[in-house]
Amino acid sequence: MDEVLLRTLTPRVIGILVRRGAGFAAAEDAVQDALVEAVRVWPRDPPRDPSGWLVAVAWRRFLDAVRADTSRRRREDLVDAEPEPGPAASTDDTLRLYFLCAHPSLAPASAVALTLRAVGGLTTRQIAQAYLVPEATMAQRISRAKRTVADVRFDQPGDVATVLRVLYLVFNEGYSGDVDLAAEAIRLTRQLAAAFRHEEVDGLLALMLLHHARRPARIRPDGSLVPLAEQDRGRWDTRMIAEGVGVLQAALARDRLGEFQAQAAIAALHADARTAGETDWVQIVEWYDELIRLTGSPVARLNRAVAVGEADGPRAGLAALEALDPTLPRYSAVAAYLHEREGDTATAARLYADAARCATSLPERDHLTRQAARLNNPPS
Amino acid sequence: MAKYLMLKHYRGAPAAVNDVPMEKWTPEEIDAHIQYMRDFADRLVKTGEFVGETALAPEGTWVRYDGDGRPPVTDGPFAETKDLIAGFMVIDVDSHERALELAAELSAAPGAGGRPIHEWLELRPVFGTPLTVTE
């Protein structure tokens, strides 16, 4: 059975139910029930019209739920209003769901969970497994999120920036469990880009593709991290890189620069270098300047210091670092790297050990500890 | 989102404000305390922030490897061991501030006289997943 097809249909079917008069929360529940039913029935009895099947089953589930509801009056209204043939699926519905699920009234984790369920068509169990929390907790997180947006009008236009932040979170902080959240984020961003022409949507899609292309070289089978300079570039996915570069170039040509396009441009410059030594660091510094102009982000300033260190030498990198707040995440790791490049291995080893103590993930801590150990145990 | 561990100590934490050992409470005070802890966990499930909890027996055994083919060496329990963990709860929250807020709420569990214990809890971040975009 084609699970991705099923998931692709999810937002459209929710949209159809909502336009037939179901509230978003009830529609979403009914569609989730229909998805579970589809997983059970389709393998032995595949429908000729998957979308029509889902709409029919979800609508029946919705009516059942309404009937079970205590509100008799509402039930009669709704049952009377149907069953005329519903309007066809529309990409506008999908777009509205993206906006609703990323509504600014939702906390990031709630927006992420709701997006993965209502737009991504994942089950609560899959989302719970992906984020390493119990299913009951995730179910509550999702129903609270639905209550939060209960009074938001479905046809109200939203802010695409909030949607992009949610998709970026799914991509950037996804565990690599049974559900590949990075791949799911790419699918959802691609679907958004098809429904909504916007430079930053394309910028984010390009950014994701360019980073995802490096994944086979970035993580060893044991989960340990390989720094960019040491990655086997032959293992990068060149087709995905080509797609990312193409999407980015088309976005940049429209001349409305944004932070995701700038970040993607930096990733594209890395992807473009056949070896680490051929990296065009001067251009990368320029893109960081753009990124800082656009966002003022301290993390961008920190990464700019690394790029300056490569373009103009470690001393220049350390000078760029001096202006920054030492409590920034990864500050010590960057300082350690630049000090090592400058030849001060004792300082570098101390800073790598500091950085390991502040790491926020196990692979990162192990990597930084190994860096300190390498400098503390020079080959004799 | 970030996960945090809230550690409760039998021993080794700084003294609580309402620092009376549990066996000196009234049975009703003990009931009220246990109910408070249950309600707290239930609330966290409802807010979508609960990950798990575990309570530990106060007495354990120290074990170490003693060489090939030899049985493990055991020792203890040691009365002088400073740090004795009573149990832990793992939460998944949007911010460090929220983690602090929840730890304070747990620390307010009622003890002797039905008054909050003001127990010190140790809040430790759990390692997350490495970020994909770091450059």
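Chain A is the first sequence line, chain B the second, and so forth, proteins listed ahead of strands; every chain is numbered from 1.
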**Student:** Using a 3.5 Å distance criterion without hydrogens, assess whether the side chain of B:Asp94 forms a donor-acceptor pair with backbone atoms of A:Ala107.
**Tutor:** no
**Student:** With respect to chain B, which residue among A:Ala113, A:Pro108, A:Ala145 yields the maximal number of heavy-atom pairs within a distance under 4.5 Å?
**Tutor:**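 Winner by heavy-atom pair count: A:Pro108.
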**Student:** Treating A:Ser361 as the side-chain partner and B:Phe127 as the backbone partner, does any N or O pair qualify as donor plus acceptor under 3.5 Å?
**Tutor:**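 No; judged by distance alone, with no hydrogens or angles, the pair does not exist.
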**Student:** Taking side chain as everything from C-beta outward and backbone as N, CA, C, O, which of these in A:Leu225 sits under 4.5 Å from a heavy atom of chain B? Side chain, backbone, both or neither.
**Tutor:** side chain
**Student:** Answer yes or no: are there more than 12 heavy-atom neighbours, outside A:Trp281 itself, under 6.0 Å from its atom CH2?
**Tutor:** yes
**Student:** By a 4.5 Å heavy-atom criterion (distance strictly below it), what part of A:Tyr168 contacts chain B: side chain, backbone, both, or neither?
**Tutor:** side chain
**Student:** For A:Pro363, which atoms come within 4.5 Å of any heavy atom of chain B: side chain, backbone, both, or neither?
**Tutor:**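 The side chain, not the backbone.
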**Student:** For A:Ala267, is it the side chain, the backbone, both or neither that has a heavy atom under 4.5 Å from a heavy atom of chain B?
**Tutor:** both
**Student:** Would you confirm whether A:Asn172, through its side chain, and B:Val133, through its main-chain N or O, come within 3.5 Å as a donor-acceptor pair?
**Tutor:** yes
**Student:** From the options A:Arg214, A:His212, A:His211, select the one residue that forms a side chain to side chain contact (heavy atoms under 4.5 Å, CB included) with B:Thr132.
**Tutor:** A:His211
**Student:** Side chain, backbone, both or neither: which part of B:Pro125 has an atom under 4.5 Å from a heavy atom of chain A?
**Tutor:** neither
**Student:** Run the numbers on B:Lys3 and A:Val133 for side chain to side chain contact (heavy atoms under 4.5 Å, CB included), then give the verdict.
**Tutor:** CA-CA 10 Å; B:Lys3 293 194 178 70; A:Val133 301; 3.9 Å; yes
**Student:** More than 12 heavy atoms of other residues, nucleotides or ligands under 6.0 Å from CZ of B:Arg43: is that the case?
**Tutor:** yes
**Student:** Who wins among A:Ala359, A:Ser143, A:Pro134, A:Ala136 for the most heavy-atom pairs under 4.5 Å with chain B?
**Tutor:** A:Pro134
**Student:** Relative to chain A, which segment of B:Thr134 carries a heavy atom at a distance below 4.5 Å: side chain, backbone, both, or neither?
**Tutor:**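 Both parts, heavy atoms under 4.5 Å.
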**Student:** Please test B:Thr47 against A:Arg141 for side chain to side chain contact (heavy atoms under 4.5 Å, CB included), starting from the C-alpha separation and ending with a verdict.
**Tutor:** CA-CA 6 Å; B:Thr47 57; A:Arg141 197 179 289 174; over 6 Å; no
**Student:** For the pair B:Glu135 and A:Arg304, find out whether any cationic side-chain nitrogen is under 4.0 Å from an anionic carboxylate oxygen.
**Tutor:** no
**Student:** To the nearest 0.5 angstrom, please state how far the CG atom of B:Asp42 sits from the CD atom of A:Gln140.
**Tutor:** 10.0 Å
**Student:** Against chain B, label A:Leu228 side chain, backbone, both or neither, depending on which of its atoms sit under 4.5 Å from a heavy atom there.
**Tutor:**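 A:Leu228 touches chain B through side-chain heavy atoms alone.
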**Student:** Does atom CZ of B:Arg124 have more than 12 heavy-atom neighbours from other groups under 6.0 Å away?
**Tutor:** no
**Student:** Between A:His270 and chain B, with a heavy-atom cut-off of 4.5 Å, which part of the residue counts as in contact: side chain, backbone, both or neither?
**Tutor:**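 The answer is the side chain of A:His270.
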